[in-house]
Engineer: 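What follows is a structure written as structure tokens; I'll ask about it next.
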2 protein chains.
Amino acid sequence: MAPKKLKVAEPSQAQAKRQHKADAKAAAASSPAKPRPLTRIQREKQDIILEAALEVFSAHGFRGSTIDQIAEVAGMSKPNLLYYFPKKEEIHRRLMSELLVTWLAPLEEMRADGDPFVEIRSYIRRKLEMARDFPRQSRLFANEMLRGAPHIIDMIEVDLKALVDEKAQVLLAWMDQGKLARTDPYHLIFSIWATTQHYADFDVQVRAVLGKGRGGEGRFEDAARYLEQLFLHGLTPKPRA
Amino acid sequence: MAPKKLKVAEPSQAQAKRQHKADAKAAAASSPAKPRPLTRIQREKQDIILEAALEVFSAHGFRGSTIDQIAEVAGMSKPNLLYYFPKKEEIHRRLMSELLVTWLAPLEEMRADGDPFVEIRSYIRRKLEMARDFPRQSRLFANEMLRGAPHIIDMIEVDLKALVDEKAQVLLAWMDQGKLARTDPYHLIFSIWATTQHYADFDVQVRAVLGKGRGGEGRFEDAARYLEQLFLHGLTPKPRA
DNA sequence: CTAACATTTTTCCAACTGGTCAAAAATCTT
DNA sequence: AAGATTTTTGACCAGTTGGAAAAATGTTAG
């Protein structure tokens, strides 16, 4: 239930103005540009900014969000924010690369040596929990996809593809062993993504359609139950015993 | 295969400046504001603009799109475009209301007196065809949802909800008759939406993951086959005969 | 304590954007 | 063909936005 804070990765090009100015000389001299460790305040403020940016970007999209908005949510002035992330794009980039790691994790956990249905079921659960606990990340991701994934297309084509290829092999093996219906492993994975993320990305619609009565907190439990039935048996009724 | 042109509905508040200026007097006098039929050019240009706007909005979102961009795609100047749609929002509004009609149609076709599996299967097919033939509309819709459906929330809460409620009853009846596995009809519908629209909204990802070999035109056929298996039998393997 | 460095604030600006307006051009009506 | 109406254009504007500069204020290592 408790949204464990996402870990912040990539300390790379965080340092701001100062560095930039130095770049002119440093880069020209092709020196290794001493990385200078981040100060406490830098780490804290960057986290605050990234959190605020997630809030704003996920709600309005990249172009629909202004630095002012993010700064306000982060509780600082615009120039101050720009001191930590000299470019709006930079914030977005950081957010996206953190996001991808978080996003791939659940699939990675699917173990080839486990029981197919147990593994698939818990994968679905994990994804559904992510939709419930990290809807903003899900929407940010969806937004990027809708736009054609301009910022992460190469990671999608390389890392994500590799991971899915690997897991597709696992699924195929299970099918070969007769433990799983023979079907397309890639589309199988797509369908898990689609059905689970739907509850984050189309949340308004889900709530509106379920109405006051069933649109409450229980909807994720219901979804989990339904999806289990779907992926396990489909819609074919049990023959009356 | 051929994307049948969407019909343009709602001739309502299309007329521009002239009307606007007149409004001052007309509205003040609370007269019925004679609607004055649209000219040929007006109809043509509005269609061109709406088509261009669909292209641009679906790719960049509302705030990410500029009137200039739309005007350029439409092959006219910005002021000229504004002559037909005095507000950027107006274009978007029109697009959204047309969209909703198109979007509800497939579900409406699900007949209570048909065979459950035939009906569900063809509903899935129709939705999949829409994802293939009208990806821009799908993305426009997804974008609106991501943003919390600000422009169509009431139609979602009223019309869409009513329709889904109705069809949920149909599904429940089928379940009562033992023709369909007993499960949650609402989430069943959600899962059909999610799995089919995924192929339009997350198209980049689907292509990238499938790779050059399988990401081509055949992917919709594969998806259709897979989804049929999923919804019919789930992933449980057939007992060896 | 203080010099060096890190952080924050104030002020400003150029580019972009949605939209206006008057006049010119094209089209339609009679 | 003339007059009326519709359509198109070019110049323009005010508000917003991303970002730069520099001065002012804090922080910290020696």
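Here the structure is a predicted model, which is why all the values come from computation and not from measurement. Proteins get letters first, then strands, A, B, ... in listed order; numbering begins at 1 in each. Computation of the quantities below employed the complete heavy-atom set of this structure, encompassing side-chain atoms and omitting hydrogens, waters and symmetry-equivalent molecules.
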Engineer: When only distance counts, do a donor and an acceptor, one from the side chain of Lys78(B) and one from the base of dG18(C), lie under 3.5 Å apart?
Structural biologist: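 Looking at the base of dG18(C), it does pair with a donor or acceptor on the side chain of Lys78(B) (distance under 3.5 Å).
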
Engineer: How many Å lie between CD1 on Ile48(A) and P on dT8(C), as a whole number?
Structural biologist: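 Rounded to whole Å, this separation is 9 Å.
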
Engineer: Within the pair Tyr83(A) and dT7(C), is there a side-chain N or O less than 4.0 Å away from OP1 or OP2?
Structural biologist: yes

Engineer: To check you understand the geometry: which heavy-atom pair defines the closest contact between Gly61(B) and Arg147(A), and what is its length?
Structural biologist: N-NH2, 3.5 Å

Engineer: Mapping Arg63(A) and Asn80(A) onto DNA chain C by nearest heavy atom, which one lands closer to the 5' end?
Structural biologist: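 Going by which nucleotide is closer to the 5' end, it is Asn80(A).
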
Engineer: Can you tell whether the side chains of Lys212(B) and Glu157(A) come within less than 4.0 Å, N to carboxylate O?
Structural biologist: no

Engineer: Nearest whole angstrom, please: distance from the P of dT17(D) to the CD1 of Ile70(A).
Structural biologist: 12 Å

Engineer: How long is the line joining CG of Leu81(B) and P of dT20(C), in whole Å?
Structural biologist: 13 Å

Engineer: Can you tell me how far C1' of dG18(C) sits from CZ of Phe62(B), to the nearest Å?
Structural biologist: 10 Å

Engineer: Between Ser77(B) and dT8(D), is there a side-chain N or O to OP1/OP2 distance below 4.0 Å?
Structural biologist: no

Engineer: Lys88(B) NZ to dG15(D) P: how many Å, rounded?
Structural biologist: 18 Å

Engineer: Go through dT8(C), dT8(D), dC21(C) for me and flag the one nearest to the Lys45(B) side chain.
Structural biologist: dT8(D)

Engineer: Kindly indicate whether the side chain of Tyr123(B), heavy atoms from C-beta on, has any atom under 4.5 Å from the side chain of Glu109(B).
Structural biologist: no

Engineer: Not counting sequence neighbours, list each pair that qualifies as a side-chain hydrogen bond (donor to acceptor under 3.5 Å, both in side chains) and has a residue in residues 199-209 of chain B.
Structural biologist: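 Pairs touching residues 199-209 of chain B that pass the test: His187(A)-Tyr199(B), Ser138(B)-Asp201(B), Asp203(B)-Arg207(B), Asp203(B)-Arg219(B).
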
Engineer: Between Thr196(A) and Lys127(A), which heavy-atom pair has the shortest distance, and what is it?
Structural biologist: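 Taking every non-hydrogen atom into account, OG1-CB, 3.5 Å.
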
Engineer: Does some side-chain heavy atom of Leu100(B) sit less than 4.5 Å from a side-chain heavy atom of Asp159(B)?
Structural biologist: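 No; the side chains remain at least 4.5 Å from each other.
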
Engineer: Remember a base hit wins even if backbone is also touched, and classify Thr66(A) as base, sugar-phosphate or nothing at under 4.0 Å, heavy atoms.
Structural biologist: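 Sugar-phosphate: the residue Thr66(A), judged by heavy atoms under 4.0 Å, touches backbone atoms but no base.
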
Engineer: Would you call Arg93(B) and Glu90(B) a salt bridge, taking side-chain N to carboxylate O under 4.0 Å as the test?
Structural biologist: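 Yes.
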
Engineer: Given atom OH of Tyr84(B) and atom C1' of dT9(D), what is their separation to the nearest angstrom?
Structural biologist: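 Rounding to the nearest Å, OH of Tyr84(B) and C1' of dT9(D) are 13 Å apart.
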
Engineer: Nearest of dA20(D), dG18(D), dG18(C) to any side-chain atom of Ile67(B)?
Structural biologist: dG18(C)

Engineer: Between Asp68(B) (CG) and dA15(C) (P), how many Å, whole number?
Structural biologist: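 Asp68(B) atom CG is separated from dA15(C) atom P by 16 Å.
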
Engineer: How many Å lie between CD on Gln69(A) and P on dT16(D), as a whole number?
Structural biologist: 13 Å

Engineer: Rounding to 10°, can you tell me the angle the first-five-pair axis of the helix from dC1(C)-dG30(D) to dT30(C)-dA1(D) makes with its last-five-pair axis?
Structural biologist: 20°

